[in-house]
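Report on one structure; see the data block that follows.
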Amino acid sequence: MKPRHVLTAGFVVLLAVLPWLVGSYGRTLLDYIGLATIVVLGLVLLTGVGGLTSFGQAAFVGMGAYTSAYLCTAQGWSPWWGLLAALVLVTLAALVLGWVTLRMSGHFLPLSTLAWGLSIYLVFGNVQAIGGQTGMSGIAPISVLGVKLSTALQYHYLIWGVVLLIVWTVHNMLDSREGRAMRALKGGTLMAEAMGVNTTRFKTILFVLAAQYACVSGWLYAHMQGFVNPTPFSLGQGIEYLFMGVVGGIGDLWGAVLGSSLYSLLRQWLQDLLPHLLGRSGNFEDLVFGVLMILILQRAPEGLWARVRALGARWNPAATLAPRPSAPVLAERARPAAGELVLQVRELTKRFGGLVANNAISFEVRAGEVLALIGPNGAGKSTLFNCISQVDRASAGEVRFRDRAVHRLDARAVAALGMSRTFQHVRLLPRMSVLDNVALGAHLRGHHSFVASAWRLDRAQEASIQATAWQQLERCGLAEHAHAPAGSLPLGLQRVVEIARALATDPCLLLLDEPAAGLRYLEKRNLAQLLDQLRGQGLAILLVEHDLDFVMGLADRVVAMDFGEKIAEGLPREVQKHPAVIEAYLGGLDEPQATREPEGQAA
Ligand code: ADP
Ligand code: MG
């Protein structure tokens, strides 16, 4: 048994005996902590995993509570049918809200959740059919296996059972193909989409899941209390949920448990203690509490759980290092035969306002060929890459990939066809392991959904994805770094991780934007060997490179660009001697690589 499992088992045992060790007051408090934890777990998904902020979770809690309360009191439904109806309603509301807000970036989502939280709260207080400000009472208790739950102790086991179920399923979900895609949202949509991840879909899933957990919490609350009124579903409460998550550690499921426990206990303790100390009651506890929270955040900006985790890592550093699974690697696609035309760029033009970054560029790349794109900084090479991989739209011209016009497709569709790329400015998920970063590349090669992974029905496929990621790491000489956080590697090696991730997509065409930048001499030689070997296996490779030595030894053909124009094309030796190229490179004295490289002959 791993130490992690021992700790989890210990926590479960503690939860089971705790209500017997505290009084009735403590039991009620425990129930409330559990209810808050359920909401905060949703925020861990939404904010910690997806990087999306919501202040409006209390509104979803209220919808869960009110929907079931109304159906059970006014319509005589059973609480379980009430839960189902509440979940359907909350899901629809979250889908509509998500559809409107999630495709926009920046502050749009947080602001709209504020508006949403405010308006739903007003609805609760002003609709007479659900009791207005007085609310509703006489809500039936929940029955489990024929037993009507009536005590805080009975609800304790139901509520904390739900907490544990959510922790377990979410943990499984995050440790899977679609879970990695969810975690990739934080790296920005550009990279994730280029790996075939539908970022809008995953943002929506996270938003809906968080709303559903809030709904379940509200449902439990309403039936446990037997009455509801609008107060606990205010915007202020929504902000408190977010606070609990941040204090505990929004990046971790156990951070949710820690945050809501600590927050609730501290608040309760201050409410009891301060009036005694000051000899009068008032809202001093709010003030002291606020200051305390700010202090905690200042000491542990990533939440308290991050501290616990760091302690655990020091105590048992090798706890999480899984060995390479022995599962078979994923099947590879049929690739074009060597010499077959893979990529055709015809008259591609890209304008940024008045600036013509690419002017009617044409060239071709064949399977089993390395084509190098050279040119000084600002020549338009990265722009061309973006337009080929459909990360950006060309203003005019045509891109054909494996005999299909792809310039109207999106980046995901192009990735699915077998074109993969790296980025000039490395786009890895710095906290995720090198292995997981590479496994993200295999996203489109699996099919199990997050629902299947939540219940661990995807394990065989996940093992194959991991084995494939290992295979690419070994191929690129990165196996020793598999478990290191990608951000801890030197920048040059991070570029190689990007190549491994691109290879994990099983591509026919690789687009590499300055792969050798930042590599040392020996590492460059290894990279050249790897690319040579990939070419031998029939891959088409298009690479942008500054180091002319590197290019001359490796490329089959070279295309040179300057100021958005193609100035030369041909065999490396020919292009190197081309007057326009010499002029571009000698004229481009602000071009750092060409002058800095000791072994690079700039002209
Ligand atoms: P290279 O990769 O060859 O160094 P780039 O393709 O990055 O060159 O840039 C080509 C030109 O296009 C530069 O003048 C750059 O400032 C401009 N450019 C690139 N991206 C944008 C953008 N998103 N908006 C406006 N101008 C851009
Ligand atoms: Mg560039």
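Whatever order the structure lists them in is the order used to number ligands and atoms, beginning at 1. All of these numbers come straight from a predicted model, not from anything done at the bench.
Our summary of the site lists the angle at the Mg ion (ligand 2) between OE1 of Gln424 and OG of Ser382 as 80°, to the nearest 10 degrees.
Heavy atoms of Gly380 approach ligand 1 to within less than 4.0 angstrom.
Here the heavy atom of the protein found nearest to atom 19 (C) of ligand 1 is Phe352 CE1, 3.5 Å.
Atom numbering of ligand 1 starts at 1 in the shown order; those under 4.0 Å from a heavy atom of Asn377 are 4 (O). Interface of Ala357 with ligand 1, defined as ligand atoms under 4.0 Å from a residue heavy atom, comprises 12 (O). The ligand atoms of ligand 1 that sit less than 4.0 angstrom from a heavy atom of Ala379 are 1 (P), 3 (O), 8 (O). Near Ser382, with a cut-off below 4.0 Å to any heavy atom, the atoms of ligand 1 are 1 (P), 2 (O), 6 (O), 7 (O).
In this structure, of Ile374, Asp513, Asp392, Thr383, the residue bringing a heavy atom nearest to atom 5 (P) of ligand 1 is Thr383.
Counted by atom type alone, Arg421 and Asn386 present one or more donor-acceptor pairs between their side chains at under 3.5 Å. No side-chain N or O of Ser453 forms a donor-acceptor pair with one of Glu462 less than 3.5 Å apart. With 3.5 Å as the limit, one finds no donor-acceptor pair spanning the side chains of Gln461 and Ser464. Between the side chains of Asp513 and Ser382, at least one donor N or O lies within less than 3.5 Å of an accepting N or O.
Polar contact with ligand 1: present for Gly378 (N/O pair, distance under 3.5 Å).
Less than 6.0 angstrom separates the ring centroid of Trp116 from the ring centroid of Phe60.
With a 4.0 Å heavy-atom cut-off, ligand 1 is reached by the side chain of Leu355 but not by its N, CA, C or O.
Side chain of Arg177 to main chain of His448: a donor-acceptor pair is present (N/O by atom type, distance under 3.5 Å, no hydrogens or angles).
Under 2.8 Å from the Mg ion (ligand 2) lies no N/O/S atom of Asn377, from backbone or side chain alike. Counting backbone and side-chain atoms alike, Thr383 contributes no N/O/S atom closer than 2.8 Å to the Mg ion (ligand 2).
Using a cut-off of 4.0 Å between Lys/Arg side-chain N and Asp/Glu carboxylate O, Arg324 and Glu474 are scored as salt-bridged. Using a 4.0 Å cut-off between a side-chain N of Lys or Arg and a carboxylate O of Asp or Glu, Arg366 and Glu364 qualify as a salt bridge.
Under the 4.0 Å distance rule, the nearest protein heavy atom to atom 16 (O) of ligand 1 falls outside the cut-off.
Under the 6.0 Å distance and 45° angle rule, Arg427 counts as a cation-pi partner of Phe423.
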